[in-house]
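Here the structure comes first, spelled out in structure tokens, and everything after it is commentary.
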Amino acid sequence: MASFSAMLTPARCSRLLSKQLPSSRRLASTQSLRETLKEVIPRKQEQLKKLKLEHSQAVVGEVKVEHILGGMRGLKAMLWEASVLDPNEGIRFHGLSIPDCQKVLPSAPGGKEMTAESMLWLLMTGQVPTVEQSRELSRELAEKGDLPAFVEELLDSLPANLHPMTQLGIGVAALNRDSKFQAAYEKGMKKSEYWTYTLEDCIDLVAKLPALAARIYRNVYKPGTDLAPIDKNLDLVGNYSNLLGFGNNQTLTEYLRLYIALHGDHEGGNASAHTSHLVGSTLSDPYLSYSAALYALAGPLHGLANQEVLRWQLAMQEEIGTNVSHDDIKAYLWRTLKGGQVVPGYGHGVLRKPDPRFIALQEFCQSIPELKQSSIIQLVNKTFEVAPDVLKEHGKTKNPYPNVDATSGCVLYHYGLTEFKYYTVIFGVSRALGAVTQLVWARALGLPIERPKSYSMDALEGLIKN
Ligand SMILES: CC(=O)SCCNC(=O)CCNC(=O)[C@H](O)C(C)(C)COP(=O)(O)OP(=O)(O)OC[C@H]1O[C@@H](n2cnc3c(N)ncnc32)[C@H](O)[C@@H]1OP(=O)(O)O
Ligand SMILES: O=C([O-])CC(=O)C(=O)O
């Protein structure tokens, strides 16, 4: 089924961008996120109705045994509105590429990088927000950013040696005590109201993630230190950086803005997004749905790879020293592969070219002289110069190129956020943007409970014979 985003060709996309760009329009709109969604949703509901009515039986692919045995790779089986991933071009958010988003999405005052709020707005509505709209959303998120006292106490009671991702999932799940969706469901709300309560929970959840994630960082790595209060005049990531204790570092804060906007969504089939969608399809509230997603993100083949990359690159540095040659890296890569391990940060389930998120983060590093000189960033770069050829020669992976995790941690490390077991938590703050968007859309479109058909091997052999 072709989605709205998939139908946006690059030419249509630039027309759309030029329509959205005039400054008069960007400054004029004061419509809130809720009002914008109220306008957009009926059009999408109509589109879905038409698709069901006119094309329900259209064939868009076939199911092969390799799909059933191969983790459903390549199977066209999910509706996901906010983004579509092309194997060669990478991700487009409602048709906009990463460079498009960098051009048009509003930044924070004094900054250049797109904010998490403006990406959330784009994902939710398919529209580029005005500066005022994104600032208004920042204000709302900051006002809702404090944690309930019982969640603070719960987090403070967890052992410091419990992985930060486990703690994040616990904290997010606990927030469901105050779920507006769950409370309204118990009172017997109508199906047409599901999305409005879901949206309220989703905004509350995104708003509270910085305080939740920063409290975990403080408890595990900086016990006894104070957490800054939430500043009502700062954007979501500005506050997050402040709470982590890095608010004075403008470059790191800008990097975090870019990082969190870029990691926000990667179409629907990735393990974290899909988990959130699956759990949400049972009408579990957004907190429980996203908590489940975080535990998919916490696997080393998915989001945890960013922690693994740093561990692996530092081990390389320790073994070989800082003055590393291409041949040294090649030999180290072969040792990793011959040891039966994957090279973290390389390969992808869909992408077949270097991940444009990797490119965007690398470009950020190249634009800052201090980062350009950083030994860890240079090591990541040098590894990129060698690894694709080694992986091609190894001959197993379908994609020998880096994914976003290959580089995302090195700037954090350079600036002193060296606790790499924490890195996936930052990814977890980001991935909520796409996951909550889909939860709102799934409820607005009345998507059903997910329930694919499974087969045993005997049953499959029976199917093949017949
Ligand atoms: C944000 C993200 O989640 S991006 C992904 C982050 N994960 C990583 O970076 C971990 C390293 N990469 C990988 O393990 C894989 O490339 C994945 C999980 C990302 C994708 O997996 P798949 O779609 O199954 O990849 P693919 O079809 O290319 O795998 C074929 C074979 O190549 C191997 N392979 C894939 N990537 C790598 C790699 N980086 N290093 C070594 N071997 C690899 C697979 O393990 C598989 O081997 P097998 O046949 O013995 O099982
Ligand atoms: O798309 C995937 O399977 C993994 C990924 O890069 C992401 O979720 O960001």
Side-chain angles (χ1 to χ4, degrees), residues 66-67 69-75 78 80 82-93 98 119 123 165 259-277 290 293-313 332-361 380 383-384 386-409 423-435 437-438:
E66 72 172 9
H67 291 124
L69 304 183
M72 296 185 279
R73 205 75 84 262
L75 191 69
M78 278 182 85
W80 191 270
S83 66
V84 176
L85 181 63
D86 179 88
N88 298 309
E89 275 196 353
I91 196 68
R92 279 183 182 268
F93 308 101
I98 289 169
M119 178 55 83
L123 294 175
M165 278 303 278
Y259 176 123
I260 287 178
L262 286 187
H263 284 73
D265 200 36
H266 216 232
E267 74 170 28
N270 70 76
S272 50
H274 188 188
T275 302
S276 168
H277 179 66
Y290 194 58
L294 287 166
Y295 292 124
L297 195 65
L301 296 188
H302 189 21
L304 205 80
N306 60 12
Q307 121 177 3
E308 292 305 292
V309 166
L310 244 287
R311 202 153 63 89
W312 180 78
Q313 296 270 206
Y332 191 80
L333 279 156
W334 276 114
R335 281 200 289 284
T336 301
L337 291 165
K338 286 185 179 153
Q341 293 157 43
V342 295
V343 175
Y346 283 77
H348 199 273
V350 178
L351 284 166
R352 295 297 175 256
K353 287 275 163 63
D355 189 336
R357 298 172 297 179
F358 172 87
I359 306 286
L361 295 180
V380 165
T383 305
F384 174 40
V386 178
D389 283 343
V390 171
L391 284 165
K392 279 181 206 164
E393 199 181 327
H394 182 241
K396 262 191 166 186
T397 173
K398 294 188 188 70
N399 173 29
Y401 300 109
N403 59 61
V404 69
D405 290 330
T407 186
S408 58
Y423 291 177
T424 314
V425 170
I426 304 175
F427 196 161
V429 171
S430 165
R431 186 45 56 93
L433 305 179
T437 296
Q438 176 70 8

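In this text the structure is predicted, and so the values were computed from the model without any measurement. Numbering of ligands and ligand atoms starts at 1, following listing order.
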Check your understanding: Within a distance of under 4.0 Å, is there any protein heavy atom near atom 7 (N) of ligand 1?
Key -> yes

Study note, to complete from the structure: In ligand 1, the atoms that come under 4.0 Å of a heavy atom of Phe427 are 1 (C)

Exercise for review: Mark whether atom 41 (C) of ligand 1 lies under 4.0 angstrom from at least one protein heavy atom.
Suggested key: yes

**Study point:** Distance-only polar pair, side chains of Asn270 and Ser272, donor-acceptor under 3.5 Å
**Key:** yes

Study note, to complete from the structure: closest protein heavy atom to atom 11 (C) of ligand 1 is Tyr346 O, 3.3 Å

Study note, to complete from the structure: Among non-hydrogen protein atoms, atom 50 (O) of ligand 1 lies closest to Lys396 NZ, 2.7 Å

Exercise for review: For atom 28 (O) of ligand 1, state which one of Arg431, Lys398, Arg357 supplies the nearest heavy atom.
Suggested key: Lys398

Point to revise | Interatomic distance, Phe384 atom CZ to Ile359 atom CD1 [nearest 0.5 angstrom] | key: 5.0 Å

**Study point:** Contact bool for atom 46 (C) of ligand 1 (protein heavy atom, d < 4.0 Å)
**Key:** no

Exercise for review: Identify which of Arg73, His348, Glu267, His274 has a heavy atom lying nearest to atom 2 (C) of ligand 2.
Suggested key: His348

Review point. Is there a protein heavy atom at a distance of less than 4.0 Å from atom 30 (C) of ligand 1?
Key: yes

Exercise for review: For atom 37 (C) of ligand 1, grab the closest protein heavy atom and report residue, atom and distance to one decimal in Å.
Suggested key: Thr397 CB, 3.8 Å

Check your understanding: Quick one: nearest non-hydrogen protein atom to atom 10 (C) of ligand 1, plus distance?
Key -> Pro300 O, 3.9 Å

Point to revise | Closest to atom 19 (C) of ligand 1 (judged by heavy-atom distance), picking from Glu308, Gln341, His348 | key: His348

**Study point:** Gap separating the NZ atom of Lys353 from the CD atom of Glu89, nearest 0.5 angstrom
**Key:** 10.0 Å

Check your understanding: If we only count heavy atoms from C-beta on, is the Leu391 to Leu337 side-chain gap below 4.5 Å?
Key -> yes

**Study point:** Trace of the side-chain hydrogen bond (donor to acceptor under 3.5 Å, both in side chains) decision for Gln438 with Ser276
**Key:** CA-CA 9 Å; Gln438 176 70 8; Ser276 168; over 6 Å; no

Check your understanding: Just wondering, are more than 12 heavy atoms of other shown residues or ligands nearer than 6.0 Å to CE in Met72?
Key -> no

Review point. So do Met165 and Tyr423 actually touch side chain to side chain, heavy atoms under 4.5 Å?
Key: no

Exercise for review: Supply the atom-to-atom distance Arg335 CZ to Leu333 CG, rounded to the nearest 0.5 angstrom.
Suggested key: 9.5 Å

Review point. Which ligand 1 atoms does Ala305 reach within 4.0 Å, using its non-hydrogen atoms?
Key: 6 (C), 7 (N), 8 (C), 9 (O)

Revision key, fill the gap. shortest atom 3 (O) of ligand 1-to-protein heavy-atom contact is with His302 ND1, 2.7 Å

Practice item. Could you tell me whether the side chain of Thr275 and the main chain of Ala293 form a donor-acceptor pair under 3.5 Å? Key: no

Check your understanding: For ligand 1, does Arg73 get within less than 4.0 Å through its side chain, its backbone, both, or neither, judged by non-hydrogen atoms?
Key -> side chain

Practice item. Report the nearest protein non-hydrogen atom to atom 8 (O) of ligand 2: residue, atom name, distance rounded to 0.1 Å. Key: Arg431 NH1, 2.8 Å

Revision key, fill the gap. Looking only at protein heavy atoms, what sits closest to atom 1 (O) of ligand 2 is His266 ND1, 2.8 Å

Study note, to complete from the structure: If you scan protein heavy atoms around atom 38 (C) of ligand 1, the nearest is Val343 N, 3.6 Å

Check your understanding: Does some side-chain heavy atom of Asp389 sit less than 4.5 Å from a side-chain heavy atom of Glu393?
Key -> no

Point to revise | Structural part of His302 in contact with ligand 2, heavy atom criterion under 4.0 angstrom | key: side chain

Exercise for review: Apply the side chain to side chain contact (heavy atoms under 4.5 Å, CB included) test between Phe358 and each candidate in Asn403, Asp405, Thr407; give the one that qualifies.
Suggested key: Thr407

Check your understanding: So, Ser83 side chain and Arg92 main chain: donor-acceptor pair closer than 3.5 Å or not?
Key -> no

Check your understanding: For Leu262, which of Val404, Ile91, Leu361 qualifies under side chain to side chain contact (heavy atoms under 4.5 Å, CB included)?
Key -> Leu361

Review point. Heavy atoms only: which of Gly349, Gly71, Gly70, Gly299 is nearest to atom 20 (C) of ligand 1?
Key: Gly349

Point to revise | Flag, side chain of Asn399 to backbone of Leu351, donor-acceptor distance under 3.5 Å | key: yes

Check your understanding: For atom 3 (O) of ligand 2, which protein heavy atom lies nearest, and how many Å away is it?
Key -> Asn270 CB, 3.4 Å

Check your understanding: Hey, is Leu337 touching ligand 1 through its side chain, its backbone, both or neither, going by heavy atoms under 4.0 Å?
Key -> side chain

Point to revise | Whether Tyr259 side chain and Ser408 backbone form a donor-acceptor pair below 3.5 Å | key: no

Practice item. Go through ligand 1 atom by atom and flag the ones less than 4.0 Å from a non-hydrogen atom of Asp405. Key: 1 (C), 2 (C), 4 (S), 6 (C)

Check your understanding: Which atoms from ligand 1 have a heavy atom of Gly345 less than 4.0 Å away?
Key -> 8 (C), 9 (O)

Exercise for review: Give a yes or no on whether the backbone of His348 and the side-chain of Tyr401 come within a donor-acceptor separation of less than 3.5 Å.
Suggested key: no

Review point. Backbone, side chain, both or neither: what part of Asn403 comes under 4.0 angstrom of ligand 1, heavy atoms only?
Key: side chain

Review point. Heavy atom under 4.0 Å from ligand 1: found in Leu301's side chain, backbone, both, or neither?
Key: both

Revision key, fill the gap. For Arg357, the ligand 2 atoms with a heavy-atom partner under 4.0 Å come out as 5 (C), 6 (O), 7 (C), 9 (O)

